Every structure is written in C-alpha cells, then in structure tokens.
Amino acid sequence: MSKQLPLTFFRRPAASVAREMIGATIAREDDHGIRRFTILETEAYEGIHDLASHSSKGRTARTEVMFGPAGRFYIYRIYGLHWMLNVVTGQIDEGEAILIRGVEGIAGPGRVAAALQINSEFQGKPATRSSGLWFESRNVPLKIQTTARIGVDYAGPIWAAKKLRFVAC
DNA sequence: GTAACGATCCTC
DNA sequence: AGGATCGTTACA
C-alpha cells in the first residue's frame, strides 16, 4: 500500500527527487473520483545556475513559485497550447523544479497535464490531497535510464548535455 | 506598443 | 518537415 509523499520529500536536490519519482504514483481527485498513474518519466531543473531552467532568467511573475517552498506546483503554458506540470524542489530561493514528462499510458508532458486536467489553477498549490493532486510513494522499484533533457538545446552544450532526464525502462 | 520565442504535439 | 497558438518576456 502506497503512502502520500510529504512536502518534505521534495526539499532535496531536483535530480534526486526526479530519480526517486520514477515508479511513484501521481494521484488526481476530481468530481469523477480518484485516478492514479505510475510516473515513468521526469526531468530535473537545477535552479538558477541551470541555463535550461526558467529560474535561471531570474525571478519573474511566472517563475516566482519556483523560488518558494518545495512541494508546490509550477505550471506554465508552452507553445500557446500545452500545460506543463512541475513540482518545486530544493530549498527556498534555489529555483529548482522537476517536470513530470510521462506516466503510465501517457507519454509526453503536454498529454500528462491534459489527461490529469491540469491548468494554471494549480499554480503554487501544494502537492497535497486537499489540492486534488498529490503523490504517493513508489511500491515497485523500476529500472531507470538517465539521458539528456528534451528540447533544451538553447541552454548551451554543458547544460543541455547533463543527464537530468529519468525514464523507466 | 511591438516582437520573438518556446521544458510540445499532431498531421502531412 | 511544418503548423498550431498564446503567455511571458524584453525592449522601445
């Protein structure tokens, strides 16, 4: 039986959290009830020094939540079409987060947010059951492959090449 | 104001 | 290979 992950779970380096989230459960409760999915793909964004991280551009209205407490959602729209679901990690002011890129049966961050009916209303909310979106501990350890992150070539060769994408295999 | 650009996805 | 589509950002 899996157990809800406390907000303190996220108060650690993004790469550690992203890795340990593989095989964990994301749970969504709405009017239709609770749905649970096993997380299969994540990416870590390591804060203000990580040129692929939105927080590296400094604090803005959009990214402010990234500099706040761990365990809150950072939501943003990309290409005018898709919502991206992230969770803030690390310490206050570090600007770290992880991106949920894929879950069981749903490959791709835009599809994940669409399937879970995530939008900007979740911006800044904590990953607790009362928010309707939370995480539960991993019950089955999975083999994990580590690769470069997707779509971050703009970050330059050093940061684009870092193996901060975690995929179950 | 105006312009440029995505941590993507779908269709051709 | 290219289009969709708009919030965010920077700059004038």
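So that the names make sense, note that chain A is the first sequence line, chain B the second, and so on, each numbered from 1. Nothing here was measured: the structure is a model prediction, and the numbers come from that model.
- A/Phe122 meets the ring pair (Phe, Tyr, Trp, His ring centres under 6.0 Å) test with no other residue; sequence neighbours excluded.
- Side-chain atoms of A/Glu96 come within 3.5 Å of backbone N or O of A/Ala14 as a donor-acceptor pair.
- Here C/dG7 presents its P atom at 14 Å from NE2 of A/His82, a figure rounded to the nearest Å.
- The pairing partner recorded for C/dT5 is none, the criterion being a Watson-Crick or G-U wobble arrangement whose two distances lie under 3.5 angstrom.
- The side chain to side chain contact (heavy atoms under 4.5 Å, CB included) test with A/Ile75 is passed by exactly one of A/Lys125, A/Arg62, A/Gln123, A/Met84: A/Gln123.
- Contacts between residues 53-64 of chain A and DNA chain C, defined by a heavy-atom separation under 4.0 Å, are made by A/Thr60, A/Arg62.
- The pairing partner recorded for B/dA7 is none, the criterion being a Watson-Crick or G-U wobble arrangement whose two distances lie under 3.5 angstrom.
- Rounded to whole angstrom, the span from the CD1 atom of A/Ile150 across to the C1' atom of B/dC9 amounts to 14 Å.
- Rounding to the nearest 0.5 angstrom, the gap separating the CG atom in A/Leu116 from the CH2 atom in A/Trp83 is 14.5 Å.
- One atom, CE of A/Met84, and another, P of B/dG6, lie 14 Å apart when rounded to the nearest Å.
- Here A/Arg12 pairs with A/Glu20 in a salt bridge; the nearest charged N to carboxylate O distance falls below 4.0 Å.
- Contact check, A/Tyr154 against B/dA7: a side-chain N or O comes under 4.0 Å of OP1 or OP2.
- Counting to the nearest Å, the P atom of B/dT8 and the CD1 atom of A/Ile75 are 15 Å from each other.
- Atoms CG (A/Asn119) and C1' (C/dG7) sit 14 Å apart, rounded to a whole Å.
- Ring stacking holds between A/Tyr45 and B/dA7, with the centres under 5.5 Å apart and the planes within 30 degrees of each other.
- Side-chain contact, A/Ser53 with A/Ser56: no donor N or O sits under 3.5 Å from an acceptor N or O.
- Residue A/Arg77 places none of its side-chain N or O atoms closer than 4.0 Å to OP1 or OP2 of B/dG6.
- When rounded to the nearest whole Å, the span between OH of A/Tyr79 and C1' of C/dG2 equals 13 Å.
- For A/Thr38 and A/Glu104, the side-chain atoms include at least one donor-acceptor pair closer than 3.5 Å.
- Distance CD (A/Glu41) to C1' (B/dT8): 12 Å, rounded to an integer number of Å.
- In this structure, the CG atom of A/Leu81 is 7 Å from the P atom of C/dT5, given to the nearest Å.
- Among B/dC10, B/dT8, B/dA7, the nucleotide with an atom closest to any side-chain atom of A/Arg111 is B/dC10.
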